[in-house]
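Below is one structure, written out as structure tokens, with a few remarks after it.
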Amino acid sequence: MRIVVATRNRGKLEELASLIGSLGVEVKSLDDYPHIPEVVEDGETFAENAVKKARAVAGATGEIALADDSGLEVDYLGGAPGVYSARFAGEGRDDRANNEKLLGLLRGVPREKRGAGFRCVVALALPGGKVFTAEGVCRGIIGDQPLGEGGFGYDPLFIVPELGKTFAQLDMGTKNAISHRGKAFALAREIIAGLLAEENRAAGDGEKKHSRMKDIGGSF
Ligand code: ITT
């Protein structure tokens, strides 16, 4: 089985490959399909964007496509930046500028009001038109200075209270075990495993295996 991961974000691609690589499926990325145009993420929810990306890539490649949309929801900012996380400080999608903007907006805000959550929705689109989604959330606190060199995006500011460390101070395995993306992908792995089992069977009655992911149906 081949799965095309619908992202051009390097940091994310590495995390995704490590999350699904162990299933023994061939993982391709959009770099392997340079002709596919950028999908405009203009949805109002993470789910809308993830489904749109996965459908577009499955339609263009004829392969199973997996996309996620994710972002940071800061309590003090009423859930912002949310779906605008990548472009918070402008279209340049500049992680450092995004972090500086967030720090500026939270300057002087006490720790107990700095709660935030990363949210991730994964969509898996089959070439036949079926789409499944799964969601994961990870709660934390926004620090008052960037700490750590790992990860990407807002990781240096996102403190996991139980560990007393930011996401950027964790190795990838530790981050994946607790992150929004890790949780959503634990569910996505189930459906991929179900599809693999189906592929190995002659008769296709594997639908029951997918009950923990939401089948939102539809077609291209
Ligand atoms: P693709 O759409 O190509 O996958 P992207 O960077 O645009 O890449 P998203 O639309 O999902 O990805 O935007 C998510 C943004 O939210 C991302 O650029 C980061 O700023 C932030 N983000 C999401 N997950 C994160 C994580 O695990 N650690 C840090 N920041 C994260």
Side-chain angles (χ1 to χ4, degrees), residues 3-19 27-34 36-57 65-74 77 79-103 116-125 133 135-143 146-160 165-185 188:
I3 292 184
V4 185
V5 175
T7 182
R8 295 192 197 274
N9 178 323
R10 279 267 134 215
K12 214 196 248 186
L13 180 64
E14 280 173 30
E15 287 187 12
L16 300 191
S18 101
L19 282 163
V27 178
K28 297 273 187 187
S29 84
L30 287 185
D31 290 343
D32 299 305
Y33 301 89
I36 297 181
E38 191 88 23
V39 177
V40 181
E41 295 181 36
D42 53 4
E44 285 178 13
T45 64
F46 296 118
E48 255 179 76
N49 285 332
V51 168
K52 186 178 180 191
K53 278 193 278 186
R55 277 205 172 124
V57 172
L66 189 147
D68 86 327
D69 195 35
S70 52
L72 182 68
E73 297 171 327
V74 179
L77 303 178
V83 289
Y84 303 104
S85 292
R87 297 162 272 161
F88 193 35
E91 284 306 320
R93 308 169 78 87
D94 179 339
D95 286 346
R96 185 191 292 261
N98 288 340
N99 283 334
E100 275 170 13
K101 178 169 180 183
L102 180 57
L103 279 178
F118 271 124
R119 188 180 301 274
C120 173
V121 175
V122 175
L124 191 73
T133 62
E135 182 172 282
V137 174
C138 180
R139 291 287 305 173
I141 289 168
I142 303 302
L147 288 174
E149 302 295 324
F152 66 99
Y154 299 91
D155 281 348
L157 293 183
F158 188 79
I159 298 170
V160 183
K165 287 184 175 171
T166 68
F167 264 177
Q169 291 175 304
L170 305 179
D171 61 71
M172 193 185 290
T174 309
K175 178 183 172 186
N176 281 342
I178 57 172
S179 77
H180 50 310
R181 193 166 296 104
K183 288 173 185 166
F185 270 77

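Counting starts at 1 for both ligands and their atoms, following the listed order.
Of all atoms in ligand 1, numbered sequentially from 1 with element shown, those under 4.0 Å from a heavy atom of Asp69 are 9 (P), 10 (O), 11 (O). Against a heavy-atom cut-off of under 4.0 Å, Lys175 is close to the following atoms of ligand 1: 26 (C), 27 (O), 28 (N). Numbered from 1 in the order shown, with element, the atoms of ligand 1 that lie under 4.0 Å from a heavy atom of Thr7 read 1 (P), 3 (O), 4 (O), 8 (O).
We find the CZ-NZ distance between Phe88 and Lys101 to be 4.5 Å, quoted to the nearest 0.5 Å. Glu135 CD to Arg119 CZ: the interatomic distance, rounded to the nearest 0.5 Å, is 4.5 Å. Interatomic distance, Phe118 CZ to Lys175 NZ, rounded to the nearest 0.5 Å: 6.5 Å. Rounding to the nearest 0.5 Å gives a distance of 5.5 Å between NZ of Lys53 and CG of Asp68. To the nearest 0.5 Å, atom CZ of residue Phe185 and atom NE2 of residue His180 are 10.0 Å apart. Of the inter-residue distances, the one linking Phe158 atom CZ with Ser179 atom OG reads 9.5 Å to the nearest 0.5 angstrom.
Among protein heavy atoms, the minimum distance from atom 11 (O) of ligand 1 is reached at Lys12 NZ, 2.7 Å. Of all protein heavy atoms, the one closest to atom 31 (C) of ligand 1 is Phe118 CE2, 3.5 Å. Nearest to atom 8 (O) of ligand 1 among the protein's heavy atoms is Asn9 CB, 3.3 Å. Counting protein heavy atoms only, atom 5 (P) of ligand 1 is closest to Arg93 NH2, 3.2 Å. The protein atom (non-hydrogen) at minimum distance from atom 18 (O) of ligand 1 is Ala86 CB, 3.4 Å. Shortest contact from atom 2 (O) of ligand 1 to any protein heavy atom: Glu41 OE2, 2.6 Å.
The side-chain contact (heavy atoms from CB on, under 4.5 Å) test with Phe167 is passed by exactly one of Ile159, Leu157, Ile178: Ile178.
The N/O atoms of Arg181, backbone and side chain alike, include one that comes under 3.5 Å of an N/O atom in ligand 1.
Counting heavy atoms from C-beta on, the side chains of Val122 and Leu66 come closer than 4.5 Å.
With sequence neighbours excluded, the residues forming a salt bridge (Lys or Arg N to Asp or Glu O under 4.0 Å) with Asp31 are Arg10, listed by chain and number.
Residue contacts with ligand 1: Asp155 is included, with a non-hydrogen atom under 4.0 Å away. Ligand 1 is approached by Gly71 to a heavy-atom distance shorter than 4.0 Å.
Nearest residue to atom 21 (C) of ligand 1 from Phe88, Tyr154, Tyr84 is Tyr154 (criterion: closest heavy atom). Nearest to atom 14 (C) of ligand 1 by heavy atom, out of Ser70, Ser85, Ala6, is Ser70. In this comparison of Phe158, Phe167, Phe152, the heavy atom closest to atom 25 (C) of ligand 1 sits on Phe152.
Arg181 and Ser70 are linked by a side-chain donor-acceptor pair at a separation below 3.5 angstrom, with hydrogens and angles left out of the test.
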